[in-house]
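Numbering starts at 1 and runs along the sequence shown. Keep in mind the model is a prediction, meaning the values are calculated, not measured.
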Amino acid sequence: VKLTIQQEVFSGTVLQQIFVVEYIIANQMCDACHRREAKDTWNAVVQARQKVRHKKTFLHLEQLIIKHHQHTQTVGIKSVPDGIDFYFNSRGDAKHFSEFLAAVTPMRVKTSERLISHDIHSNTFNFKYTFAVEIVPVCKDDLVCLPVNVARSHGCMGQLVVCVGVGSSLHFMDPNTLQVAEVHSGPYWSNPFSSVASTAQLIELTVLDVEPVRDDSGRPITNKKYALVEATVARVQDLGVNDTTFTIRSHLGHFLQAGDNVLGYDVTCSNWNDENANKLDRASLPEIVLIKKSYRDKRKRHGKRSWRLQHMTQEEEIISKREEEARQHDYESFLQDLEEDKELRGTVNIYKDPSFQPRVQEVEE
């Protein structure tokens, strides 16, 4: 590049000179690229954990994250046996993500920091931050025994309740009275409790008879979604073997008819390792607690689904074949819950599967 420089040195005297300047272009990486090349790409990590035997909570959480585009600021996502790790470039992004988790699921968070380097000349510090998120170990359709003080603070409802919903708080219902309770994260962690039975312990029963329960004025006892009924049920495995039946109260009056199959917990054959449940009088407990209607035969007729879900790109750890089968079972169970629960289905984005080919029905002539 040729440069011409001039300047007035004396009155009426101008000095001018021409220079030839050579520029050398050298590639230089920014700080973020340096960190990426050094395999040191994150400054903050959010470690989400839940102490349960399945990963259905994280499957639902993944869909909520995708729906609200909360994964766009991550620099890495890693699946671990009891949860997921989310890595971020800045502490602010990680804090914003942990606040989003608190808005969609009951949890508590603990923060820590670790010093990576220190420049004594400029007095600057380089930290890595960790947000340890612990999700409440109670899931939808779990059977829970509430502590005495929690049950009394919600209208002296029964201690043995069903978890009917999980959002930013836990929602419980007494299947014998339709009483409801909402427990937020703060009160829960001040007096924590866990489930006495999870969906892996559900058994299948057949409904033999359904009668609505009425109040003193003769009207059925209902609320917006549920209705209180007296149902006579029998275990599917007992049909044709013995005449054992159970007459119990249930909150599923709007969903059950005689001849339907239903999933529930068998309290008579349950052994609970729970401090609150061990104090209950077993004679006063219901023999069966119904949870939801069973659509197993309907799902078999449908075959392959015409819809699919999106997934985040995750770094998977090396797992055994047994653990892989357990994950596939959890994912299939989550898809079935989406098919059966309209409210749950409304919280996620479902996409058309372009590879789906409907079955050609053969018409008998």
Side-chain angles (χ1 to χ4, degrees), residues 39 42 45-67 70-71 74-88 97-98 101 104-110 130-144 163 166 192 194-204 263 265 270-274 291-292 294-296 299-300 303-305 307-341 344 347-348 350-351 353 355:
K39 307 300 182 184
W42 59 274
V45 58
V46 178
Q47 299 175 335
R49 301 290 186 270
Q50 187 184 35
K51 298 177 182 178
V52 294
R53 295 184 179 181
H54 59 80
K55 302 199 73 170
K56 292 169 64 175
T57 299
F58 290 102
L59 292 172
H60 184 217
L61 192 60
E62 177 188 26
Q63 299 304 314
L64 293 176
I65 292 172
I66 293 174
K67 181 176 181 178
Q70 294 295 317
H71 62 298
T74 60
V75 296
I77 302 174
K78 183 178 180 180
S79 177
V80 294
D82 56 347
I84 305 177
D85 291 344
F86 301 89
Y87 298 93
F88 298 88
F97 185 80
S98 65
L101 295 182
V104 297
T105 186
M107 45 75 81
R108 64 179 175 181
V109 59
K110 296 181 179 179
T130 300
F131 294 78
V133 173
E134 183 179 359
I135 300 175
V136 169
V138 178
C139 302
K140 187 176 180 293
D141 296 333
D142 282 359
L143 188 63
V144 177
C163 181
V166 178
S194 58
S195 304
V196 297
S198 62
T199 53
Q201 300 167 266
L202 290 172
I203 64 170
E204 191 166 7
L263 298 176
Y265 295 109
S270 300
N271 292 320
W272 297 332
N273 185 19
D274 184 83
I291 300 299
K292 59 182 179 180
S294 176
Y295 298 92
R296 186 168 302 174
R299 287 195 296 270
K300 289 181 180 179
K304 188 181 179 186
R305 297 175 176 89
W307 53 273
R308 61 180 179 84
L309 301 175
Q310 286 187 348
H311 299 283
M312 301 182 298
T313 302
Q314 302 183 29
E315 179 185 347
E316 299 285 349
E317 77 279 10
I318 300 176
I319 59 176
S320 63
K321 183 178 179 180
R322 183 177 181 180
E323 292 174 332
E324 179 63 26
E325 293 176 351
R327 285 192 176 187
Q328 293 296 332
H329 178 270
D330 291 341
Y331 183 64
E332 177 63 25
S333 179
F334 175 64
L335 295 181
Q336 292 174 2
D337 291 343
L338 288 178
E339 291 176 331
E340 299 170 7
D341 192 336
L344 179 64
T347 62
V348 304
I350 295 177
Y351 303 89
D353 188 357
S355 63

How close do [X] and [Y] get, counting heavy atoms only, and between which atoms?
X      : Y      : answer
Leu101 : Met107 : O-CG, 4.1 Å
Gly83  : Phe58  : CA-CZ, 3.6 Å
Gln70  : Phe97  : O-CD1, 3.7 Å
Phe131 : Ser98  : CD2-OG, 4.2 Å
Glu339 : Trp307 : CG-CZ2, 3.7 Å

Charged N-O contact under 4.0 Å between Lys292 and Asp341: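 Result for this pair is no, no salt bridge flagged.
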Derivation and outcome, side chain to side chain contact (heavy atoms under 4.5 Å, CB included), residues Arg327 and Ser79: CA-CA 12 Å; Arg327 285 192 176 187; Ser79 177; 3.3 Å; yes
Sole candidate of Val136, Val144, Asp274, Asn273 that passes side chain to side chain contact (heavy atoms under 4.5 Å, CB included) when paired with Ser194: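 Running side chain to side chain contact (heavy atoms under 4.5 Å, CB included) over Val136, Val144, Asp274, Asn273 with Ser194 returns exactly one hit, Asp274.
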Tyr87 vs Thr74, side chain to side chain contact (heavy atoms under 4.5 Å, CB included): CA-CA, chis, key distance, verdict: CA-CA 6 Å; Tyr87 298 93; Thr74 60; over 6 Å; no
Reported [atom1]-to-[atom2] distance for the pair [X] and [Y], which is rounded to 0.5 angstrom:
X      : Y      : atom1 : atom2 : value
Ile350 : Leu338 : CD1   : CG    : 5.5 Å
Lys55  : Glu323 : NZ    : CD    : 10.0 Å
Asp142 : Leu202 : CG    : CG    : 9.0 Å
Ser195 : Leu143 : OG    : CG    : 8.0 Å
Leu344 : Asp337 : CG    : CG    : 6.5 Å
Leu335 : Leu309 : CG    : CG    : 6.0 Å

Evaluation steps, side chain to side chain contact (heavy atoms under 4.5 Å, CB included), between Phe334 and Gln63: CA-CA 11 Å; Phe334 175 64; Gln63 299 304 314; 4.3 Å; yes
I'd like to check [X] versus [Y] (side-chain heavy atoms, cut-off strictly below 4.5 Å). Are they in contact?
X      : Y      : result
Val138 : Val166 : no
Ser198 : Arg53  : no
Lys67  : Val348 : no
Cys139 : Val52  : yes
Arg305 : Asp353 : no
Ile77  : Ile84  : yes
Val75  : Phe86  : no
Lys51  : Glu134 : yes

Side-chain (Gln47) to main-chain (Thr130) donor-acceptor, under 3.5 angstrom: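 No.
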Residues, nucleotides or ligands: over 12 heavy atoms within 6.0 Å of Arg308 CZ: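 Atom CZ in Arg308 is crowded, with more than 12 foreign heavy atoms closer than 6.0 Å.
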Option passing ring pair (Phe, Tyr, Trp, His ring centres under 6.0 Å) with Tyr331 (candidates His54, His60, His311):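 That would be His311; it is the only one of His54, His60, His311 passing the ring pair (Phe, Tyr, Trp, His ring centres under 6.0 Å) with Tyr331.
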For Glu332, the option from Gln328, His329, Gln336 that meets side chain to side chain donor-acceptor pair (under 3.5 Å):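 Exactly one option meets the side chain to side chain donor-acceptor pair (under 3.5 Å) with Glu332, and it is Gln336.
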Asp85 and its side chain to side chain donor-acceptor pair (under 3.5 Å) partner, picked from Lys78, Arg49, Gln314: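 Passing option: Arg49.
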